[in-house]
Amino acid sequence: MFRLGAISDEVSPNAQRALDLVQAWGLSDVEVHTVWDKNIEELTNLEVRRLRQQLDEHGLRTCCISSTVFLHCSLDDPTAPIEWPTRFHSIGGTYPEHVQALARCLEIAAMLDAPLVRIFGFWRAGPTNEVVYAQAAQRLQKPLDMAGSAGIRLALENCPHTYFDWGQRAARLVDLINSPWLGLLWDPCSSLRSGQTDYLAGYASFRQRIVHVHAKDMRFDSGAQHDRVYVPIGRGEIDWREIIQRLARDSYAGVISLETHHLAIDGRQEPAAAASFNALRQIVDEC
């Protein structure tokens, strides 16, 4: 049976407060992306040990190291870094620098006993064609060798900014590579945002590849920036009841990790996260 979890900085920007809330919600699993205003890739060993101590004190385990490796990374040019001004914490640099960051993430994962490290499918600079699949598969060979040596699985997330934005597209790359050290991090909301109106398309073919799930919701709004807004789970376009029923039926045993991406009306993050979590838990309880 799957478990519910949460990305800590999606719950609260304050790491201690985030762990307090996750513990109060009765969860055991936390995904780590940023801590103390630093990317997870940038933490020192002392900071990782401090984080491990706080997790242990709260009775929490790290289900995934939510790295941003290969997000701001070119597939074609190994030397040109990607520029992307955003509030989202992510690393930049060249392909070799991303590989180096992955090595650090694998070290951190080992220190936190995390079974997964999230990766991305390279910054989109054109259509996702056969050449892209071949290049991406080649680029991921060394990372997968590193993951195998570390005994820690990589989870490829379908992301709107990358070549593999739909669940189907990311799953096809996972199938092409066919490594026991690579699984699919499925984000149905990202598929919808990327134009896949039937975000469940292909689910039957990739369900066994899913090793982690991100949960958020959105609705289309012509008056909003980019014509969309993130909303609490259950108030948008994503049928989380159907998704959860399918995952349960297929004996998915990983984590569904809360990733709200929105704020409450008063601009606060914690009430927004609580609203989404309570809605998600209610759906799970009713299924």
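This one's a predicted model, so the numbers in the text were calculated from it and none came from an experiment.
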Counting distance only, does the side-chain N/O of [X] pair as donor-acceptor with the main-chain N or O of [Y] below 3.5 Å?
{"X": "H98", "Y": "H72", "value": "yes"}
{"X": "T260", "Y": "A273", "value": "no"}
{"X": "R207", "Y": "L247", "value": "no"}
{"X": "W166", "Y": "A171", "value": "no"}

Is any NZ, NE, NH1 or NH2 atom of the basic residue among [X] and [Y] found under 4.0 Å from an Asp or Glu carboxylate oxygen of the other?
{"X": "R118", "Y": "E41", "answer": "no"}
{"X": "R193", "Y": "D165", "answer": "no"}
{"X": "R209", "Y": "D175", "answer": "yes"}
{"X": "E107", "Y": "R104", "answer": "yes"}

Under the salt bridge (Lys or Arg N to Asp or Glu O under 4.0 Å) test, which residues partner R246, sequence neighbours left out?
E242
Please confirm whether Y163 and Y133 have ring centers closer than 6.0 angstrom.
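Centroid distance Y163-Y133: not below 6.0 Å, so no.
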For the ring pair F70 and F120, is the centre-to-centre distance below 6.0 Å?
no
Might you confirm whether atom CD of E237 has over 12 heavy atoms from other residues, nucleotides or ligands at distances under 6.0 Å?
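Yes, enclosed.
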Indicate the atoms forming the closest heavy-atom contact of [X] with [Y], along with that distance.
{"X": "A137", "Y": "L176", "answer": "CB-CD2, 4.0 Å"}
{"X": "A170", "Y": "L156", "answer": "O-CD2, 3.7 Å"}
{"X": "Y199", "Y": "P188", "answer": "CB-O, 3.7 Å"}
{"X": "R219", "Y": "V231", "answer": "NE-CG1, 3.6 Å"}
{"X": "H58", "Y": "Q23", "answer": "O-NE2, 3.2 Å"}
{"X": "L112", "Y": "L55", "answer": "CD2-CD1, 4.2 Å"}

Check the pair F277, L4 against side chain to side chain contact (heavy atoms under 4.5 Å, CB included), reporting the backbone distance first and the verdict last.
CA-CA 9 Å; F277 173 73; L4 295 182; 4.1 Å; yes
How long is the gap from [atom1] on [X] to [atom2] on [Y], to the nearest 0.5 Å?
{"X": "I233", "Y": "L258", "atom1": "CD1", "atom2": "CG", "answer": "5.0 Å"}
{"X": "L46", "Y": "L51", "atom1": "CG", "atom2": "CG", "answer": "11.5 Å"}
{"X": "T94", "Y": "Q100", "atom1": "OG1", "atom2": "CD", "answer": "9.0 Å"}
{"X": "Y252", "Y": "I243", "atom1": "OH", "atom2": "CD1", "answer": "12.0 Å"}
{"X": "E259", "Y": "D9", "atom1": "CD", "atom2": "CG", "answer": "9.0 Å"}
{"X": "F122", "Y": "S74", "atom1": "CZ", "atom2": "OG", "answer": "9.0 Å"}

Are [X] and [Y] connected in the hydrophobic side-chain network, where two residues link if heavy atoms are under 4.5 Å apart?
{"X": "W123", "Y": "L185", "answer": "no"}
{"X": "L21", "Y": "W36", "answer": "yes"}
{"X": "V255", "Y": "I283", "answer": "no"}

For a side chain to side chain donor-acceptor pair (under 3.5 Å) check, start with the C-alpha distance between S257 and D29, then their side-chain angles and the critical distance, and finish with the verdict.
CA-CA 8 Å; S257 189; D29 291 273; over 6 Å; no
Do Q141 and D145 pass the side chain to side chain donor-acceptor pair (under 3.5 Å) test, and can you show the C-alpha distance, the side-chain angles, and the key distance before you say yes or no?
CA-CA 6 Å; Q141 286 306 310; D145 289 342; over 6 Å; no
Report the C-alpha distance between H212 and E31 in whole Å, list the side-chain angles of each, state the deciding distance to 0.1 Å, and finish with yes or no for side chain to side chain donor-acceptor pair (under 3.5 Å).
CA-CA 10 Å; H212 199 64; E31 183 174 348; 2.8 Å; yes
Go through the side-chain N and O atoms of N278 and Q282 and say whether any donor and acceptor fall under 3.5 Å apart.
no
Identify whether NZ of Lys or CZ of Arg in R139 sits under 6.0 Å from the centre of the six-membered ring of Y95 and within 45° of that ring's axis.
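Yes, a cation-pi geometry holds between R139 and Y95.
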Side-chain cluster (under 4.5 Å, hydrophobic types only) that V211 belongs to, other residues:
L116
Would N158 and Q168 satisfy side chain to side chain contact (heavy atoms under 4.5 Å, CB included), going step by step from the backbone distance to the final call?
CA-CA 9 Å; N158 62 291; Q168 280 176 298; over 6 Å; no
Could you walk me through whether I108 and V32 pass the side chain to side chain contact (heavy atoms under 4.5 Å, CB included) test, one step at a time?
CA-CA 11 Å; I108 293 172; V32 184; over 6 Å; no
Can you check side chain to side chain contact (heavy atoms under 4.5 Å, CB included) on M111 and R52, steps first, answer last?
CA-CA 8 Å; M111 295 175 70; R52 177 61 187 262; over 6 Å; no
Could you list the residues that satisfy side-chain hydrogen bond (donor to acceptor under 3.5 Å, both in side chains) with R49, not counting sequence neighbours?
none
